[in-house]
Amino acid sequence: MVRAEITTVPMQLPVMADQDQQEDLRLGDIPMRQEVELVSIDLPVELAEPLLERGVLPGCRICPVRSSPGGDPIVSIDGSLLALRRETAACLCVKLLSSLQDAD
Amino acid sequence: MAEQDLVASGGPATLDTPSVTPLVALVGPPNSGKTTLFNQLTGLRQKVANYPGVTVEKHVGQVSLDGGRTLSLVDLPGVHGFSARTLDERVTRDVLEGKVAGMRSPDALILIVDVTRLENQLMLVEPVLEMGLPTLLVLNMADELEARGGAVNDEALAERLGVDIVRTSARTGAGLDGVRTYLEGVADGGTAGVHVERELSNVPASNALPVVDAFAARRNLVRGIVQEADFVPPGPSRLTERLDSLFLHRFAGPLIFLAVVLLVFQSIFTWAVPLMDGIDWMVATSGDWIGTTLPDTWYRSLLVDGVWAGVGSVIIFLPQILILFLFLGILEDSGYMARAAVIADRAMYRVGLQGRAFLPLLSGYACAVPAILAARTIDDERDRLATIFVTPFMTCSARLPVYALLIAAFIPNQPVLGPFMNQRAAVLLGLYGLGILAAVFTAFLLKRTLLKAQPTSFLMELPPYRIPSPRTLMLRLLDRSKIFLRRAGRIIFAVAIVLWTLTQFPRTEAGPPDIEQSALGTIGHVIEPVIEPLGFDWRVGIGIVTSLAAREVIVGTLGTIYGVETADEESVALQEILRRDLEPGAAIGLLVFFAFALQCMSTVAVMRRETAGWKWPLIQFTYMLLLGYVGAFIAFRIF
Ligand SMILES: Nc1nc2c(ncn2[C@@H]2O[C@H](COP(=O)(O)OP(=O)(O)OP(=O)(O)O)[C@@H](O)[C@H]2O)c(=O)[nH]1
Ligand SMILES: [Mg+2]
């Protein structure tokens, strides 16, 4: 995970190289209660940083649990509930967990 | 944990620099229980509530330890990292960096985390330990961890991190002894008295990793640590799941929200009545008693007609204010408030504000001053400015006595919605709505003119629902009563004395002049042309002038003026005299004026502080005054 050669702050996270699934799956497209893995955050760094600080990082498991009356997603991540705007959810690139669904 | 203190506790005289007490800082993510722990240790009562971002300012308190030793503890706003994007996060960073004037850099730290979300919370551990200060890791909310079937091996965690660990339930006080033992160790170790300035940031300057990678690296580290400590995450809170499926339901959610609001207003006018009658009776009988006991001198008139009539007419409203605070307290401490912010976010988004702004705006119902401070949690500076600009439109509790008095005087007590609502509650609700409309309109205007900005994002952590602690609620109500009575006792008392004095001159042969001819009446008649278009007479004019200090002062002022004026008559309720002197249209106009105008010097002062200048408070004051004047004029013409 060390990419020391990137010295500038990237405007967008590099998409994982080994991506062979649907090219452009966003958190906003995921049905309720389906856990997915975050691949990258398609946001300028100052908008991404609050997410990063709260553990919304590439590689983390994230699961939409319900939607607010206004239609914005509420997701569960590491046992915390986080309310996002759908505009933000549309900027979170995710991938489905492959066949090896873990036991917990 | 620290055993050296058992040996070193020879006596308090080990240090001969008693002037420098060690300073320990409470650090941790938002809503982890820092303030709860702080209050437990210091005996103070800083605000605790169940949503992130409650504390926005540093608070210092003294902890007294065994053997007469003391130690200073500083409670800080919660942070997830040290990027300090918001003003409250900057407060925390400045204290930790030792950059606050007049405050030494902390000698030791307590890092307090919500153990039910250990993995998420330990993201702070690395940057905090890097500061190189003695640190105690407090695993708080142990009660919830156990209740929901989670577990963690404290020893393994302590060993892996190389820090002392104490498990607590700050709310019940379980585990506090361990924290005290640690603090005793710090006190014994004394303080070098050196002031260290440091730089903190999310990305260590030493390595040139981009932010994302720095976080990812930290995240991997934490994941490893948590696994080594056999952390078993607790199951989801069933209560929270059930309540959320109700409160955040597409249709039921907003309806419940509305029902809650209606309930609050209805109860302000129904439940409060017996209590208010009680206070009213006490004020009246004690006033009569003083009147009959004292000899018939000038100071009897001052006390009974001036002070008692003025102060008494305000303290009647204490029960209504307490009911408002009781409801706000329950909503805040249960965790519902964070959901309300989510429900409101879409609407706020259209206005141009963010859902975060909803929390300060809501606390504006209590008082605009802490609400303006609470807006520090908004990261976008323009959003924050727009939010604090419109906050004083939220109906603060100081308006309540004015509203209640005028509504009770002019609005009949008849049901409108069956048994659920009467006309008085409906008018009160309308006034709250008027404030909201003005706020929305103003924010909309600002965000499209002076404070144009990109739409920002909204992120809100939803804490699990918790049963509000009755003790905390009661104590908060007690504090509120004290604040309210102190204001009545100070400002209104002083105003009453000045006003009464002004009614006594110039003397005539028969004694004090007719109030119309008195100095106060003369001043009133000078103001009258300005307010005449609104249908107000000079008494109301004086009330408006004195209420510039604080809104509820108008009630005390009218109490004093009419108290003096009707000194010889059978004592009549203020409401009845108002009905006699004010046209209904003017009364509505007065209500509208109070809904809009910024009559609160504390708000102006805090605006100056939070915007670092006079520009915004002046614009705000003028704008709100104009809006109030125009609004009152229109209301007077319509009704
Ligand atoms: N169950 C449980 N609840 C707790 C405990 N400690 C604190 N709480 C609750 O957690 C909520 C947050 O507590 P605060 O003390 O306000 O948290 P804080 O860290 O100061 O929060 P910020 O000021 O927003 O950073 C409140 O509702 C407390 O009653 C605990 O040990 N157990
Ligand atoms: Mg706090």
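Keep in mind that what you see is a predicted model, and the values were worked out from it rather than measured. Letters A, B, ... mirror the listed sequences (proteins, then strands); counts begin at 1.
- In terms of heavy-atom pairs under 4.5 Å with chain B, the best-connected choice from A:S67, A:P50, A:G79 is A:P50.
- For B:D345 (side chain) and A:R85 (main-chain N/O), no donor-acceptor pair under 3.5 Å exists by modelled atom type.
- The distance from the OG atom of A:S80 to the CZ atom of B:R117 is 4.0 Å, given to the nearest 0.5 Å.
- Annotation: side chain of A:L82 is not in contact with side chain of B:L462 (no heavy-atom distance under 4.5 Å).
- Between B:M123 and A:L57, some side-chain heavy-atom pair lies under the 4.5 Å cut-off.
- The CZ atom of A:R54 sits 10.0 Å away from the CZ atom of B:F215 when rounded to the nearest 0.5 Å.
- Counting only heavy atoms from C-beta outward, the side chains of B:I343 and A:S68 never approach each other to under 4.5 Å.
- Inter-residue side-chain proximity for B:T240 and A:L81 is flagged as met; some heavy-atom pair is nearer than 4.5 Å.
- With a 4.5 angstrom heavy-atom cutoff, B:S237 does not touch chain A via any of its atoms.
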Output, in order, the C-alpha distance, side-chain angles, deciding distance and verdict of side chain to side chain contact (heavy atoms under 4.5 Å, CB included) for A:D72 and B:V342. CA-CA 9 Å; A:D72 293 301; B:V342 172; 5.9 Å; no
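- For the set B:H249, B:E241, B:R339, B:Q121, the count of heavy-atom pairs under 4.5 angstrom toward chain A peaks at B:E241.
- The residues B:R346 and A:E87 are annotated as salt-bridged, a charged nitrogen and a carboxylate oxygen being separated by less than 4.0 angstrom.
- The choice from B:V222, B:D244, B:V79 that makes the most heavy-atom pairs within less than 4.5 Å of chain A is B:D244.
- Both the backbone and the side chain of B:M460 come within contact range of chain A, each with at least one heavy atom under 4.5 Å from a heavy atom of that chain.
- Of the atoms belonging to A:S76, not a single heavy atom falls under 4.5 Å from chain B.
- Neither the backbone nor the side chain of B:D114 has a heavy atom closer than 4.5 Å to any heavy atom of chain A.
- Of the atoms belonging to A:I74, it is side-chain heavy atoms, and not backbone ones, that fall under 4.5 Å from chain B.
- Interface check for chain A: of the options B:A341, B:P234, B:S245, the most heavy-atom pairs under 4.5 Å are formed by B:S245.
- Looking at B:R85 and A:E53, a side-chain N of the basic residue comes within less than 4.0 Å of a carboxylate O on the acidic one, giving a salt bridge.
- Between A:D78 and B:R219 there is a salt bridge, since at least one side-chain N of the basic residue sits less than 4.0 Å from a carboxylate O of the acidic one.
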